[in-house]
Amino acid sequence: MITRKVTRKWEKLPGKNTFCCDGRVMMGRQKGVFYLTLFLIVGTCSLFFAFECPYLAVHLSPAIPVFAVLLFVFVMAMLLRTSFSDPGVLPRALPEEANFIEMEIEAANGNVMAGQRPPPRIKNVQINNQIVKLKYCYTCKIFRPPRASHCSICDNCVDRFDHHCPWVGNCVGKRNYRYFYLFTLSLSLLTIYIFAFNIVHVVLREYRNIFEHVVSLTPHCTVLEVLVCFFTLWSVVGLTGFHTYLISLNQTTNEDIKGSWSGKNRVQNPYSHKSIIKNCCEVLCSPTYPSVLDRRGVMLEDLSSPTPSDASAASTHQSSNPVSQTTKSSAPLIPNEHTPDEAKPGIGSGTQKSTSSPKEEKPPSPTSPNAVAPAVIKESSH
């Protein structure tokens, strides 16, 4: 009896990401700091709406709480959009693709002498008349595209990787960088807004009372809000200014830390348009690319339970074919591994005979399990 199980692709995706709402929400594994971010923003704004806004709306203008609410909603929307979206995770290579890439690398490194270190796995591409190196990812088994990098926390390669931000609980990459920048920018404005009107609240109460009694008459939450906003202001505004600088140069945090375009070689950034306006438009106004993961795609899995007669027949058939026990059906994943000379294969020589065997191998029969062989077959010399 063969039964089929319908599953979503996000259930089988490798890596350390967390999925919710049937794959619609994608986050990193570590979300503790993200909950702290929500608590600080929601808690501080709630105190401001509950204690300062009623007084300021009566004595100054009712537009003050209205603008604060709009700014708070925009901050939360950008935070959730950054945290719950795919940052640009690149799919890993299929086993067939990984074996093909490994064979190409092994063939290219075949002339390396024994004991010597093989050359690094890189490819060179030309971007704006400048050579850019594509590095090979040993985990995802792919050559990463330009500006992509592997996140050690999420264990995935991310396109245009900027950094992994624990405050939003997700990586910041090609698909959510603009939302991250808008989040930091709007959060800076909200922090300045709350901090400024908290000071205004204290000053207005000072005109109506004696200065010594200001602290006693002012709600204690106002003092708490001033302290939180004061310490948050420098970090958030500084982070916004840093990313504004990076956007003006069309550069990522990862490239800035590594000094990719400002090292000793003085290599110019091939992605910069030599114009601040053009760089900002490309980063903030370019279209959002769709996700390549297809998280909510459907997969069909065959679930079958073999009968005892089938199991005995399979064991008998396996024992009657000793060749299948000594034949490897896949190429090694590590290139230039130490193997005997007579066991080293050649590209496209799966149907050729071994050089160390004086006898000609008889091709397998169509009914044999080895009738369908991969491109590279290693035959045992014994």
### Task
Quick one: which residue pairs count as a salt bridge (charged side-chain N to carboxylate O under 4.0 Å, His left out) with a foot in residues 144-158, not counting sequence neighbours?
R92-D155, R147-E255
#### Entry: Under 3.5 Å side-chain donor-acceptor pair for H243 and Y177
yes
### Query
Hey, mind stepping through M76 and V42 against side-chain contact (heavy atoms from CB on, under 4.5 Å) and telling me if it holds?
CA-CA 9 Å; M76 294 301 300; V42 175; 4.3 Å; yes
### Task
Sort and list the pairs that fulfil salt bridge (charged side-chain N to carboxylate O under 4.0 Å, His left out) and have at least one residue in residues 156-168, not counting sequence neighbours.
D159-K174
### Task
Check step by step if side-chain contact (heavy atoms from CB on, under 4.5 Å) holds for Y136 and I122.
CA-CA 6 Å; Y136 180 80; I122 58 175; over 6 Å; no
### Query
How many angstroms lie between CD1 in I153 and CG in N17, if you round to the nearest 0.5 Å?
11.0 Å
### Message
Tell me the closest heavy-atom pair linking L134 and P145, and the distance in Å.
### Response
CD2-C, 4.0 Å
### Task
Please check if the distance between the ring centroids of Y179 and Y181 is under 6.0 Å.
no
### Query
For the atom pair CD (E11) and CZ (F19), what is the distance rounded to the nearest 0.5 Å?
10.0 Å
### Task
Answer yes if the ring centres of H201 and F197 are under 6.0 angstrom apart, and no otherwise.
no
### Donor + acceptor pair across side chains of N269, Q251 (<3.5 Å)
no
### Query
Rounded to the nearest 0.5 Å, what separation is found between the CG atom of N250 and the NZ atom of K274?
10.5 Å
### Message
Please check this pair: side chain of T37 against backbone of V33, looking for a donor-acceptor N/O pair closer than 3.5 Å.
### Response
yes
### Message
Under a 3.5 Å cutoff, is there a donor and acceptor pairing between the side chains of T232 and T191?
### Response
no
### Task
Run the numbers on C280 and I247 for side-chain contact (heavy atoms from CB on, under 4.5 Å), then give the verdict.
CA-CA 6 Å; C280 293; I247 290 176; 3.8 Å; yes
#### Entry: Nearest-0.5 Å distance that lies between atom CZ in F48 and atom CD1 in I64
7.5 Å
### Task
Calculate, to the nearest 0.5 Å, the distance between atoms SG and CD1 belonging to C45 and I194 respectively.
4.0 Å
### Task
Take the angle between the ring planes of F67 and Y193 and call it parallel below 30°, perpendicular above 60°, tilted in between.
tilted
#### Entry: Qualifying residues under side-chain contact (heavy atoms from CB on, under 4.5 Å), relative to L293, sequence neighbours excluded
L13, M26, D86, V89, P91, S291, R295
### Query
How long is the gap from CH2 on W10 to CZ on R296, to the nearest 0.5 Å?
10.0 Å
